[in-house]
Each structure stands twice: as structure tokens, then as C-alpha cells.
Amino acid sequence: MRNKEIANLLKTYASLLAIKGENFFKVRAYQEAGRVLENLPTPIEKLIKEGYDLTQFEGIGKDLAKTVEEIVTTSTFKKLEEIKKEYPLSLLELLEIEGLGAKRVNRLYKKLKISSKQQLCQEVKNLSTLEGFGKKLQQKILQYCQEGVGSKKFLWAEAKEYLQELQEYLLKIDPKKLSVAGSFRRKKEVVGDIDLLASKDNFQEVIKHFIQYPKIKKVLGAGETKASVILEGGLKVDLRSVEEESFGAALQYFTGSKAHNVKIRKIAQEQGLKVNEYGVFKKDKKVAGKEEEEVYKILGLCWIEPELREDRGEIEACKENKLPKLITTKDLQGDLHLHTNWSDGRHSLLEMAKAGKELGYSYLAITDHSKRLTIANGLDEKRLLKQIEEIKRLNEELKGFTLLTGMEVDILEDGSLDLKDEVLKELDVVVISLHYKFNLSKKRQTLRVLKAFDNPYVNIFAHPTARRINLRPPVEIDLEKVFLEAKERNIALEINSQPDRLDLDDKSILLAKKIGAKMVINSDAHNIYALDYIEYGVNQARRGWCEKTEIINTLKLKDLKTFLRSRG
DNA sequence: GCCGTTTTCGGCCCGACTGTTTTCAGTCG
């Protein structure tokens with residue numbers, strides 16, 4: 001069972017406990033345990049097998065450790081099964097509706113026997129008999145039933161496009177300060193909404209301007225201090241006013257994550273201080289808040305990069321002076337996975353080279369698809385040899401820039417590669433990846449990849465889980481085994497920058513880092529513009545605590561070649 | 001249910017807003 005699945009069981013149990021009306025702190029304990037476990041880089045199954053004491057993790061005590069062990073070893077969770085008899089799982093759907101929390105859901109169920117969205121929508125008329133269901137709330141539920149507004153998550157890259165346009169519009173009115181906070185600032189791969197902070201000076205004017213933005217689908221509310229809208233396309237945006245004196249504290253507060261902030265406030269408390277969105281207070285006296293750095297500093301902490309603020313050890317790392325120096329796009333010397341019009345790309349070798357040079361790179365590896373992908377006009381051995389000749393010729397023209405020869409070779413079902421070794425050995429960079437047979441068992445998928453690693457010419461394992469966010473789940477594969485083997489054999493693991501791939505994800509990157517495997521951040525561009533996607537891959541790498549030294553395409557060409565040749 | 005240098009009980013992060021009330025519960029971030 002994956003960590004995520006175990007965590008989900010605990011969270012589900014927590015939600016049902018909350019609906020039942022159990023002690024709030026007990027509920028939170030289960031939620032918290034779920035959060036801690038899903039963030040673990042190592043499979044819990046493995047830890048338990050090795051006899052690791054789970055109570056070592058913060059937030060997991062004797063009882064929870066036992067529960068987790070029960071889940072892992074017996075694949076059952078008795079307490080959950082029991083509470084499910086009393087409170088059906090479908091109640092959880094109701095919690096997704098804005099305005100409905102545990103208490104109201106309980107009342108719906110106990111008084112009206114409503115246990116699903118569908119039932120709720122059928123019985124909206126009868127709600128007035130219930131305590132705590134006034135006119136407005138009924139209206140809201142009715143609307144929800146009519147529109148079926150889901151809680152759609154947006155890719156970070158999509159949200160960025162919406163945000164850029166909106167920001168340009170907002171800046172016309174010249175708010176003194178305007179910052180984005182929330183999960184967007186933390187560069188999460190998907191975001192539910194966008195939080196904007198503006199200074200209070202001319203806020204009424206700013207808000208008025210904001211709600212007149214032409215691309216708004218709906219204004220949810222506009223008050224003295226906050227306005228909420230839904231943009232065309234469905235993205236929700238909150239804009240808040242903030243006193244300039246409190247801007248840093250508000251930015252810290254609204255950037256989150258929630259878990260990070262909880263810990264920050266606990267630390268404050270231990271020092272007799274109090275942190276809220278207005279500042280840091282000693283009794284009633286404000287001692288910091290204008291700048292975000294101050295908030296951390298006064299608590300004896302260092303400023304922490306937003307990408308790290310997930311309570312995955314960043315606060316402890318700061319105390320031990322072990323925070324990573326995160327990689328930036330400027331550290332990259334080149335891109336080692338991209339396509340041209342030789343297969344399914346749009347631009348020519350030369351056009352790609354020029355675009356790469358313009359980005360400030362010193363090398364690009366051309367890695368078109370191999371022959372199995374006929375739909376992408378994949379290259380066979382003969383065409384590849386021709387392309388190699390062409391690249392050699394081009395390199396004589398290109399000054400101060402190098403095209404590396406390469407190929408994205410399909411891993412076949414049995415783990416062999418789609419092209420013959422005689423040709424692979426001619427290449428500078430051999431990228432391998434999965435493009436079909438995604439639903440093999442974990443064991444077979446892992447063996448398939450490890451077998452492919454046996455090939456002595458392989459350099460990079462691209463988009464290792466083959467997931468596509470919101471479209472396709474990751475394949476079942478034992479990443480730890482794969483990463484250990486990759487480290488052993490000097491194969492770099494890819495962080496693919498396509499906005500819906502971002503594969504490896506942040507947690508897997510942390511695992512790879514811990515194991516000591518090398519990684520590479522690639523655009524997988526199919527045209528010259530998509531080379532810029534590299535930003536998204538860098539975001540993901542940063543969320544995975546990556547430093548320059550862990551990423552091979554930060555190497556100068558000479559050193560890169562040494563690394564690539566260390567195989568075979 | 002977790003946690004502990006004020007420890008085995010009695011705390012547990014904090015504040016705003018909304019809508020429902022008539023002093024505040026419930027939800028949210």
C-alpha cells in the first residue's frame with residue numbers, strides 16, 4: 001500500500017470522526033498523522049518490515065503507530081470499518097460543499113437522513129426546518145446543486161497565465177504593494193485558488209478596479225478588506241487588503257502552508273510571542289511584521305524559501321543551518337530532452353539550437369522519439385544515423401554552442417530498448433522512457449525498468465512514473481529500488497518540466513536526493529517556445545530541496561560529457 | 001490521539017467572516 005493510500009485512510013477516518021462529533025483534537029491527531037505519513041519519502045511498508053518505530057515521527061504516538069501497522073500488515077482498518085457502519089462514506093462528499101462542515105453534515109444526516117450530494121440536492125426545500133440552515137446557506141446549496149461547482153485544481157502553469165494577465169490589469173491602478181501568496185507562491189504543481197495581497201492605501205479603489213476586471217465570471221463578495229471572484233475558466237482569486245506595517249506578516253501568514261504556520265506559531269509561543277497575520281507580538285506590543293524576513297528572524301529562524309514551507313523539516317534544517325541552497329534556472333547550462341521536426345516536434349535542429357543559445361545555454365541534446373512510436377514519426381536506426389551526421393555538420397557552424405546527439409528510446413514491454421546497441425553507442429545522450437503498457441503490476445513494471453538500466457548506454461530515465469496530472473495516474477513502480485539502481489549506475493532521473501507531467505514529483509525528488517541519485521531537469525520541448533517550460537521543472541526541483549550539485553545539466557559541457565561517459 | 005525541562009493531566013495555532021442569531025456557532029484559510 002502506498003503512503004498516500006494509508007494517509008487517505010487516516011484522513012477519511014478523521015473526517016468521519018469529526019462528523020460524529022468526536023473530540024476535535026482527536027480528529028486533528030488523525031489528520032496530522034495522515035499529513036505526516038503522506039510526506040514521508042520512504043514507503044511505510046518498508047519501515048514496518050524493518051521494524052522501525054513509527055512513534056519516532058512527530059504526531060504519531062503509540063495508538064496511531066499500532067493503527068498504521070494494522071493497516072499495512074492486514075490491509076484492514078477496523079475502526080474505520082466500524083464507523084462506516086454508523087456514518088457512511090458518502091457523507092464526505094457533503095464536506096466538499098462550501099458552508100458545510102462536520103456539524104452541519106451531522107445534522108443533515110441525523111435529522112433528515114441525507115447522506116450524499118444527490119440526496120441533499122433532492123431535499124433542498126426541506127432544509128429550513130434544520131437549525132443552522134438559514135436562507136443564505138440554502139440559496140448557496142441550491143446554486144451548488146444547479147451548477148455542480150467542483151473544486152477543480154489548476155496546473156501551476158495555467159494559474160500563472162491567468163495571474164499574469166490579472167496582475168498587469170491591477171497594476172494599472174498602481175497599488176503600492178501587490179504580492180501573490182498561498183500555494184501559488186509555494187509553487188505547488190496544482191493550486192485550488194490564488195491569494196493576492198495589496199496594501200491598504202487606496203484599497204477601495206483597488207477593489208473597485210479588481211471587480212471590474214473584464215474576465216471575471218462571478219464576484220463572490222467584495223467587502224472592506226477582501227474581495228473574492230471567479231475568473232472565466234473557473235479559477236478563484238482572493239484579494240485582501242493589508243496595512244503596510246503588517247505586509248510581511250500577512251505575506252508569511254497567507255503563504256502557508258498551514259502545517260508550516262502551525263509550527264511557526266508553536267515556536268513563537270514557546271518564546272512567549274504570538275504570531276498572526278498582523279505581526280509578531282510580545283504581549284500587546286508588536287515587535288515585527290513589516291517585512292517577512294523579520295517574522296522569521298525575531299523567532300530566531302532564517303527566512304525560508306516559500307517552496308520549502310511544507311513542514312517537511314525546513315524549520316529544523318534552518319535551526320541546524322542545513323537549509324539547501326535551491327537551484328535556479330540560471331544554474332542550468334543546457335537541456336537534455338527535446339524533440340525536433342525529425343519526429344513529432346515542430347522546429348528544425350537549427351531552430352532549436354538557436355533558441356537554446358538565446359536562452360543562454362551552452363548545449364542541447366536532441367532526443368527525438370524512437371521507431372516504436374510510429375504515431376510520432378519515431379526514428380529507426382537508419383534515420384538516426386542520418387540525424388547524427390546532420391548534427392555533426394551543424395556543430396561546425398554553431399559557435400560557442402553544442403548540439404549533443406541523442407534519442408528518447410522507448411522501453412519495450414520486456415525491458416529491452418527500441419533501438420539496437422550498435423546505434424545507441426554512437427549517441428552522446430540516451431534517454432529512456434515508458435510510453436505504453438502502463439498498467440503492469442508493480443513488480444513487473446519495476447523489473448522492466450531495471451532491465452532497461454542494464455543497457456550500458458542509458459544515461460537518463462525520463463518522466464519515471466509517466467503520470468499526467470488530472471489525466472493519468474502514475475504507473476505502479478518501486479521508485480526506491482529504481483533510484484538506488486540509478487545511483488549505482490550513474491543514470492540520471494529526470495524532472496520533466498511539462499506542466500502536466502512534473503514527473504518526478506516533489507516527494508520523489510526528496511527520496512532521490514536522500515538516496516543520492518543524480519537528477520536532470522528537462523523541458524521535453526516539442527517546439528522552441530516550450531524550452532521555457534524548464535521553469536516549471538525548476539519549481540518542482542526546488543520543492544524537492546534540490547541544489548545545483550544534484551542536477552547534471554548544471555554541469556559545464558566537459559564535465560557533463562565525463563558524467564555521461566561514466567556508463568558503458 | 002499526542003505530548004511533556006511548568007510532564008501522566010490538561011493543554012493542544014489563530015483570527016476573520018458569515019450567517020445565524022441576539023451573543024455566538026460554524027466554517028474557512
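Below, chains carry the letters A, B, ... as their sequence lines are ordered, and counting in each starts from 1.
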Checklist entry - How far, in whole Å, is B/dT20 from B/dG26 if one measures between their C1' atoms? => result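 Approximately 10 Å lies between the C1' atom of B/dG26 and that of B/dT20.
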
Checklist entry - Which residues within residues 29-36 of chain A lie with some heavy atom under 4.0 Å of an atom in DNA chain B? => result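 The answer is A/Ala29, A/Tyr30.
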
Next on the checklist: Of the options B/dA16, B/dT27, B/dT20, whose atoms approach the side-chain atoms of A/Tyr278 most closely?
Outcome noted: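 Within the option list, the nearest is B/dA16.
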
Next on the checklist: Can you tell me which nucleotide in B/dC17, B/dA16, B/dG29 comes closest to the side chain of A/Lys258?
Outcome noted: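 Of all the options, the side chain of A/Lys258 is nearest to B/dG29.
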
Checklist entry - Between atom CG in A/Leu108 and atom C1' in B/dG26, what is the gap in whole Å? => result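 So the two atoms are 13 Å apart, to the nearest Å.
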
Across the strands shown, which category fits [X] at heavy-atom distances under 4.0 angstrom: base, sugar-phosphate, nothing?
| X | answer |
| --- | --- |
| A/Phe254 | nothing |
| A/Asn261 | nothing |
| A/Ala102 | sugar-phosphate |
| A/Lys79 | sugar-phosphate |
| A/Arg28 | base |

Side-chain N or O of [X] less than 4.0 angstrom from OP1 or OP2 on [N]?
| X | N | value |
| --- | --- | --- |
| A/Arg104 | B/dA25 | no |
| A/Gln269 | B/dG11 | no |
| A/Thr225 | B/dC17 | yes |

Checklist entry - Is the centre of the A/Phe57 ring less than 6.0 Å from the centre of the A/Tyr52 ring? => result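 So the answer is yes for these two rings.
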
Item to check | For A/Tyr30, all residues meeting ring pair (Phe, Tyr, Trp, His ring centres under 6.0 Å), sequence neighbours excluded | outcome: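 A/Tyr13.
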
Check the interface with nucleotides 3-8 of chain B: list each N/O to N/O pair with the protein under 3.5 Å, or write none.
residue: B/dC3; atom: OP1; partner: A/Gly59; partner atom: N; Å: 2.8

